[in-house]
Amino acid sequence: MADLGLPRHARLLRRADFAALRAASARCATPCFAVEYRPSAAALARLGIAVSRRVSKHAVVRNRIRRVIRESFRLNRAALPALDLLVVARARAAAADNAALRAELAALWRRLAAALNETSAPGTMRAGS
RNA sequence: CGAGCCGGCCAGACAGUCGCGACGUGCGCGAGCACGCCGAGGAAAGUCCGGGCUCCACAGGGCAGGGUGCCAGGUAACGCCUGGGCGGCGCAAGCCGACGGAAAGUGCAACAGAGAACAGACCGCCGAUGGCCCGCGAGGGAUCAGGCAAGGGUGAAACGGUGCGGCAAGAGCGCACCGCGCGCGGGGCCAACGCCGCGCGGCACGGCAAACCCCACCCGGAGCAAGACCACAUAGGGGAGCGAUGGCUUAGCCCUGAGCCGCUCCCGGGUAGGUCGCUAGAGCCUGGCGGCGACGCCAGGCCGAGAGGAAUGACUGUCCACGACAGAACCCGGCUUACCGGCCGGCUCACCUU
């Protein structure tokens, strides 16, 4: 039950968090999304979302993308390593439907977990666990 | 039943699963948990107007600048709404209109056309009058001077229309009627207006003021990251007192007034960290009364998002008329723009039946 919730401590809430993430982060991208990430100070994955007006000038479209990202993160966050993530929507996301966005995000989470396990040594990961 | 006009309302429904935010209650030292309840729109949009609220030391006057523009109401206010007038469109119900002033001044008018503003003569008409020619003469002829603006033609627009008289031909040149203008009286509860009556004037005063302009009325500036408070590094911050000159002072300039820069003393302080502002309001519903109406007054009832790295969602299933435009960010009143469709009421026209 707790695995599927999205409490506040699993989100990036402060300006400072975003600034720190931007200062030092690794990147990873798919057609609709770009992700910046770094090891989290907390013991679990935390999410930040950025959907700018450049993606779509319509608030309804931006809200839809934001909600799909939130929902996908909520359902998958238990399987993710302890990272601070900033998911940035790209312009192509506005044209994709929800199912496509979900599929892409699911792939993204898998890639993120795998990439982290092999490249950055297990040593850096230990901070969370 | 068909075509159409006006007004009001709705904006997929239901079930299950997993979530998010506010509030209330309970539990917990606490992060939080449980239960209950609520959780986008008619346009939340564009940010085009008008207010409330807040701060800018700031009050008054003048100029500049901006806005509005038939009249009267409504309103907190408006560029909005209602009613009326005028003009245009429609058979009609109805709809649309920046709709003050061109006898203050300046300016503009492409193309066409002879001529575009106190105009003009291309075609045309006349040639009475003075010449010319013919004729003995009465008279006749052409058109030089000249006269004309009726007809043709151009144009978005050509300096009233019809008829009669008049004339060489014509012309408001004269007259009748129509039109127009001015004045007075009535009407319109006031007004815009020009419906009616009377009198005067042969008739001018052409168009454009979303060209300058004139007239009337209105208008400080910035905006909730406004602004207030609390907790935390060095003050350039704040308060009080004293002040001649000079300088400076949030819309642009000037004037008056006021304040600041200086000195002394005192308090403490920037900053998207947190809290407040933050939703109970020009509020909504029902009824009554006044008003043609917009709306106002009175009584009773109701509480209908409040986030802030930013909630109001996602998935699955079933059904149908297969779901448009679109997401609150301080709050209201409007306007404008976008939009799949559906429901209700009133009205108009056409046709059919009786």
Side-chain angles (χ1 to χ4, degrees):
Chain A
M1 183 185 292
D3 316 320
L4 296 177
L6 186 61
R8 296 185 74 85
H9 58 74
R11 285 180 274 152
L12 296 179
L13 297 173
R14 289 171 186 264
R15 194 176 172 72
D17 294 332
F18 283 82
L21 188 52
R22 272 172 200 282
S25 65
R27 287 156 210 275
C28 173
T30 67
C32 291
F33 302 103
V35 181
E36 297 183 35
Y37 59 96
R38 64 163 198 162
S40 176
L44 73 175
R46 297 192 302 175
L47 175 69
I49 304 173
V51 183
S52 76
R53 281 180 71 87
R54 291 174 58 191
V55 175
S56 170
K57 61 178 183 170
H58 295 292
V60 170
V61 175
R62 296 198 302 274
N63 279 344
R64 195 190 99 236
I65 295 167
R66 191 168 14 245
R67 284 163 178 160
V68 169
I69 295 170
R70 270 169 61 94
E71 194 70 3
S72 179
F73 177 79
R74 177 173 75 81
L75 295 170
N76 292 288
R77 71 185 184 91
L80 288 171
L83 294 172
D84 280 354
L85 299 163
L86 175 61
V87 178
V88 180
R90 307 174 76 184
R92 294 179 62 176
D97 63 19
N98 288 358
L101 292 177
R102 268 198 304 281
E104 200 172 293
L105 284 163
L108 189 62
W109 305 137
R110 282 195 301 275
R111 226 169 93 187
L112 217 52
L116 201 81
N117 282 333
E118 58 182 67
T119 53
S120 59
T124 27
M125 280 301 300
R126 195 185 8 78
S129 50

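Values below: every heavy atom of this structure, side chains too, minus hydrogens, waters and symmetry copies. Numbers restart at 1 for each chain; the letters A, B, ... are given by sequence-line order, proteins then strands.
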Practice item. Answer whether the closest heavy-atom distance between the side chains of A:L85 and A:F73 falls below 4.5 Å. Key: yes
Point to revise | salt bridge (charged side-chain N to carboxylate O under 4.0 Å, His left out) contacts touching residues 80-93 of chain A (sequence neighbours left out) | key: A:R46-A:D84
Point to revise | Interatomic distance, A:I65 CD1 vs B:A326 P [rounded to whole Å] | key: 15 Å
**Study point:** Where A:P81 and A:A45 come nearest, the two heavy atoms and their spacing
**Key:** O-CB, 3.4 Å
Practice item. Taking atom P in both B:A314 and B:A324, compute the distance separating them and give it to the nearest angstrom. Key: 13 Å
Revision key, fill the gap. Per nearest nucleotide of RNA chain B, the residue lying toward the 5' end, A:A59 or A:L86, is A:L86
Revision key, fill the gap. Partner of B:C208 under the Watson-Crick or G-U wobble criteria, both distances under 3.5 Å, comes out as B:G107
Point to revise | B:G83 - base-pair partner by Watson-Crick or wobble geometry, distances under 3.5 Å | key: B:C71
Review point. Should A:R102 be listed as having a side-chain N or O under 4.0 Å from OP1 or OP2 of B:C315?
Key: yes
Review point. Would you say A:R67 reaches B:U312's phosphate, i.e. side-chain N/O to OP1/OP2 under 4.0 Å?
Key: yes
**Study point:** Pairwise P distance for B:G206 and B:A192, with rounding to whole Å
**Key:** 24 Å
Check your understanding: Can you tell me how far P of B:A314 sits from CD1 of A:I69, to the nearest Å?
Key -> 14 Å
Point to revise | Distance between P atoms of B:G333 and B:G281 (Å, rounded) | key: 14 Å
Point to revise | Spacing of A:N63 atom CG relative to B:C325 atom P, expressed in whole Å | key: 16 Å
Revision key, fill the gap. A:L44 CG to B:A31 C1', in whole Å, measures 13 Å
Point to revise | Between C1' of B:G308 and CD1 of A:I49, the distance in whole Å | key: 15 Å
Review point. How far, in whole Å, is B:A114 from B:G155 if one measures between their C1' atoms?
Key: 13 Å
Point to revise | P spacing across the pair B:G41 / B:A329, given as an integer number of angstrom | key: 13 Å
Check your understanding: How would you label the glycosidic angle of B:G309: syn (within 90° of 0) or anti?
Key -> anti
Review point. So which nucleotide does B:C18 pair with, by the Watson-Crick or G-U wobble rule with both distances under 3.5 Å?
Key: B:G313
Point to revise | Partner nucleotide, any strand, of B:C213 [Watson-Crick/G-U, under 3.5 Å] | key: B:G101
Point to revise | Nucleotide forming a Watson-Crick or wobble pair with B:A350, both distances under 3.5 Å | key: none
Check your understanding: Would B:G304 be called syn or anti, given that syn covers angles within 90° of 0?
Key -> syn
Review point. Paired with B:C302: which nucleotide, if any, by Watson-Crick or G-U wobble criteria at under 3.5 Å for both distances?
Key: B:G283
**Study point:** Separation between the P atoms of B:G309 and B:G21, rounded to whole Å
**Key:** 12 Å
Point to revise | B:U354 to B:C347 separation - P atoms, rounded to the nearest Å | key: 26 Å
Check your understanding: Rounded to whole angstroms, how far apart are CG on A:L85 and C1' on B:G309?
Key -> 14 Å
Review point. Syn or anti for B:A326, taking syn as within 90° of 0?
Key: anti
Practice item. Sort out for me which residue in A:L101, A:L105, A:V88 forms a side-chain contact (heavy atoms from CB on, under 4.5 Å) with A:I69. Key: A:L105
**Study point:** Interatomic distance at C1', B:A305 relative to B:C38, whole Å
**Key:** 8 Å
Revision key, fill the gap. Of all heavy-atom pairs linking A:S72 and A:W109, the shortest is OG-NE1, 2.9 Å
Exercise for review: Just compare B:A310, B:A328, B:G313 and give me whichever is closest to any side-chain atom of A:R70.
Suggested key: B:A310
Exercise for review: Answer with yes or no whether A:E71 presents, from its side chain, a donor or acceptor under 3.5 Å of a partner atom in the base of B:G313.
Suggested key: yes
Check your understanding: Has the side chain of A:E104 got a donor or acceptor atom that lies under 3.5 Å from a matching backbone atom of A:C32?
Key -> yes
Practice item. Specify the separation, in whole Å, of atom CG of A:N76 and atom C1' of B:C315. Key: 14 Å
Check your understanding: Any donor and acceptor pair, going by atom type alone, linking the side chain of A:R111 with main-chain N or O of A:A29 inside 3.5 Å?
Key -> yes
Review point. What's the closest nucleotide to the A:R74 side chain, out of B:A40, B:G309, B:C18?
Key: B:C18
Practice item. Kindly determine whether A:L47 and A:V87 satisfy side-chain contact (heavy atoms from CB on, under 4.5 Å), including the steps that lead there. Key: CA-CA 8 Å; A:L47 175 69; A:V87 178; 3.7 Å; yes
Practice item. For A:A99 and for A:H58, locate the closest nucleotide of RNA chain B by heavy-atom distance; then report the residue assigned to the nucleotide nearer the 5' terminus. Key: A:A99
Exercise for review: Please determine, for B:C278, whether a Watson-Crick or G-U wobble partner exists with both distances under 3.5 Å, and give it or none.
Suggested key: none
Review point. Which whole-number value in Å describes the distance from A:F73 CZ to B:C315 P?
Key: 19 Å
Study note, to complete from the structure: Checking B:A310, B:C315, B:G327 against the side chain of A:N98 (C-beta onward), the nearest is B:C315
**Study point:** B:C29: pairing nucleotide in any strand, Watson-Crick or G-U under 3.5 angstrom
**Key:** none
